[in-house]
There are 2 protein chains.
Amino acid sequence: MIVEAKKARFSEPLRLKSGAVLPEFEIAYETYGTLNAARSNAVLVCHALNASHHVAGSYAGEPKNLGWWDNMVGPGKPLDTERFFVVGNNYIGSCFGSTGPTSVNPATGRPWGADFPVVTVEDWVAAQARLADRLGIERFAAVMGGSLGAMQALQWSLSYPGRVRNAIVIAATPRLSAQNIAFNEVARQAIMTDPEFHGGHYHDKGVLPRRGLRIARMIGHITYLSGDAMMEKFGRALRRAAPGFDFDVDFEVESYLRHQGDKFAEYFDANTYLRITKALDYYDPAAEFGGDLAKAFARAQADFLVISFTSDWRFSSQRSREIVRALLDNRRVVSYLEIDAPQGHDAFLLDDARYHGALRAYFANISL
Amino acid sequence: MIVEAKKARFSEPLRLKSGAVLPEFEIAYETYGTLNAARSNAVLVCHALNASHHVAGSYAGEPKNLGWWDNMVGPGKPLDTERFFVVGNNYIGSCFGSTGPTSVNPATGRPWGADFPVVTVEDWVAAQARLADRLGIERFAAVMGGSLGAMQALQWSLSYPGRVRNAIVIAATPRLSAQNIAFNEVARQAIMTDPEFHGGHYHDKGVLPRRGLRIARMIGHITYLSGDAMMEKFGRALRRAAPGFDFDVDFEVESYLRHQGDKFAEYFDANTYLRITKALDYYDPAAEFGGDLAKAFARAQADFLVISFTSDWRFSSQRSREIVRALLDNRRVVSYLEIDAPQGHDAFLLDDARYHGALRAYFANISL
């Protein structure tokens, strides 16, 4: 499937949850399949931390640059683009095309950098609603995402109850735990204490806080995999014939983490990383209801599919069950699937037959 | 209980597992209680990552500077110093008095710094055996420790089977998992990429890699607590009236981590941290037996008490059961206690009635 990245520009200001105002913004997006005449077959796919609007297919001449959820979305795939019109989008504040810290601040003519406001899941969803308007989509057949993407699917059901028929919520949590926040905070501190961070104005200095980004990514990777999956993948295997009794790479797992960190530090923006982790930390739809998630979901109208993975210790199945219970308390139609998978949080990106089979069946049941 | 820190100097070189030789070394230690005439009542207490020889009591004029395991060791405590002669010791390579990277290298007259060799659990135990010789202790009634201290207790039963009657092994693992190594590696990378690390020669430059140490400690603290304990302790409580939509402290857990990191960076030595994590990574008594832990323990002669805590995800109960099984395969006398405690790895330092009661009973049963 050959696909094309597009941009939509919105010149009406967007008031953010923080009170700050984005004077104008762009959203990078892609679409797959065809919007039907009834405009009833649109599915919005929301991404997690470091993915983008490039959900499926590849660009002309770049066959290896496959979308991050290409095993899920495409012709004949569980989310079948022969039946559905799928919209991938990059959330605002990211660094892959939508307006974010690396974009030019119209007030100064220079990159926003540290001056880019802190955006929230609610802000992302508000911006996505503008994109839906632009594409002529009044109501999505489904909004779907994993991890941070699942938070967006949840929030769609709350911000625009009438505009989403199905919310597909995978590897989710209704709010971060103290431990989740703690991991995010260590990552932020690694970035912010990097001497090349310069209070977020590193572009002005012509440097990048690569050290901090590298550490942040290494921490992230540990939380994406289950302990068992990491043991299965790397064990205690050495990269050299015998322990070196020095601080070069001894174990395979060290090599893997360094490699992941190095790669990430080359392409990801530090100010974006800080803002994404804050969006995660802040997300808590129950907060304005005294912590009562059931009350928070009282206004939801969608049907829900909730999927969790047994070995996910970042957002455990218990957290998904909290969502399911809150929905059932509101007599929503909920399907819940807890998949016994060993890979940890990253399982939501993998091609498991039960997982993909369930999604295929769920989508097949959505009438158009 | 008023106690006194002492030092023992050893001028005979110590050949390390790496092949390097420490030309001479000192061990900082403390003793509590009195060695009996039969010299049969000595207990060696081994410490974990950032503790020291100051196990119990306080120094004259410093009533608040209590030993790190004062709830366990002292007159009338579970390890009763009215009956036992207890030896606390600081392992070599540490920064609290025993010879380590902050000590003077006799060859240069300047601190060892990065030139201090990588030491292992086996090396620590070999050095401790010299201390036992010096104190006139041929055989310990028990060697005891939690976490990294438990590895030393295990290794005593293997390096000197005839010199330890009981090995008390708490919150232990027989070897680190890939995830354990991964966390250590991120901590090391944070330290080693701190621009003030200077390849470990920071003393020569008059600086300290505080940023890296701070991150390392924050990561450590996350792994010492269970997710539930962290949620119980901090929840999503804010430090300010409302979210700040900036990068100052929002949540209590952020404040806690920053505080712990800041404190640690002021008193702990970075070269020591690197070496301790390497000692942890390398420890694997089964390695020379093709990974067969039962074969590794074939030479043990001690009786064993193994204790784990249900919520410890750093070194889970499953890892303790691997030790127990390997010991049972060798028909050792083993008591195993899995304590249902919510606090995580740090539970071994806390005063739980079942935990302390079990140790009290175990020590009472040791004949002198």
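It should be emphasised that the depicted structure is a prediction, and the values quoted were computed from it without experimental measurement. Numbers restart at 1 for each chain; the letters A, B, ... are given by sequence-line order, proteins then strands.
- Looking at Asn184(B), neither its backbone nor its side chain comes within 4.5 Å of chain A, counting heavy atoms on both sides.
- Chosen from Glu254(A), Met231(A), Met230(A), Gln179(A), the residue pairing most often with chain B at heavy-atom distances under 4.5 Å is Glu254(A).
- Salt bridge status for Lys278(B) with Asp250(A): present, with a side-chain N to carboxylate O gap under 4.0 Å.
- Contacts between Ser316(B) and chain A at a heavy-atom distance below 4.5 Å are absent for every atom of the residue.
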Self-check item: Derivation and outcome, salt bridge (charged side-chain N to carboxylate O under 4.0 Å, His left out), residues Arg325(A) and Glu322(A)
Solution: CA-CA 5 Å; Arg325(A) 180 183 303 185; Glu322(A) 291 170 22; over 6 Å; no

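- Between the side chain of Tyr91(A) and the main chain of Leu49(A), a donor-acceptor pair closer than 3.5 Å is present.
- Contact annotation for Leu257(B): only side-chain heavy atoms (C-beta onward) come within less than 4.5 Å of a heavy atom of chain A.
- With a 4.5 angstrom heavy-atom cutoff, Leu176(B) touches chain A via backbone and side-chain atoms both.
- Between the side chains of Thr223(B) and His345(B), no donor N or O sits under 3.5 Å from an acceptor N or O.
- Donor-acceptor pairing under 3.5 Å is recorded for the side chains of Gln155(A) and Ser159(A).
- Using a 4.0 Å cut-off between charged side-chain N and carboxylate O, Asp123(A) and Arg275(A) make no salt bridge.
- The parts of Asp281(A) that come within reach of chain B are both its backbone and its side chain, each placing non-hydrogen atoms under 4.5 angstrom from that chain.
- Taking 4.5 Å as the limit, every side-chain heavy atom of Gln189(B) sits out of range of all side-chain heavy atoms of Arg211(A).
- Between Tyr202(A) and Phe197(A), the angle of the ring planes lies from 30° to 60°, which puts this pair in the tilted group.
- Contacts between Lys233(A) and chain B at a heavy-atom distance below 4.5 Å are absent for every atom of the residue.
- Both the backbone and the side chain of Arg175(B) come within contact range of chain A, with heavy atoms under 4.5 Å apart.
- Ranked by heavy-atom pairs under 4.5 Å with chain B, the list Val253(A), Ile222(A), Thr277(A) is led by Ile222(A).
- Comparing Phe251(A), Tyr256(A), Trp313(A), Phe247(A) by how many heavy-atom pairs each has under 4.5 Å with chain B, the most go to Phe247(A).
- Among the candidates Pro195(B), Ala237(B), Gly244(B), the residue making the largest number of heavy-atom pairs closer than 4.5 Å to chain A is Pro195(B).
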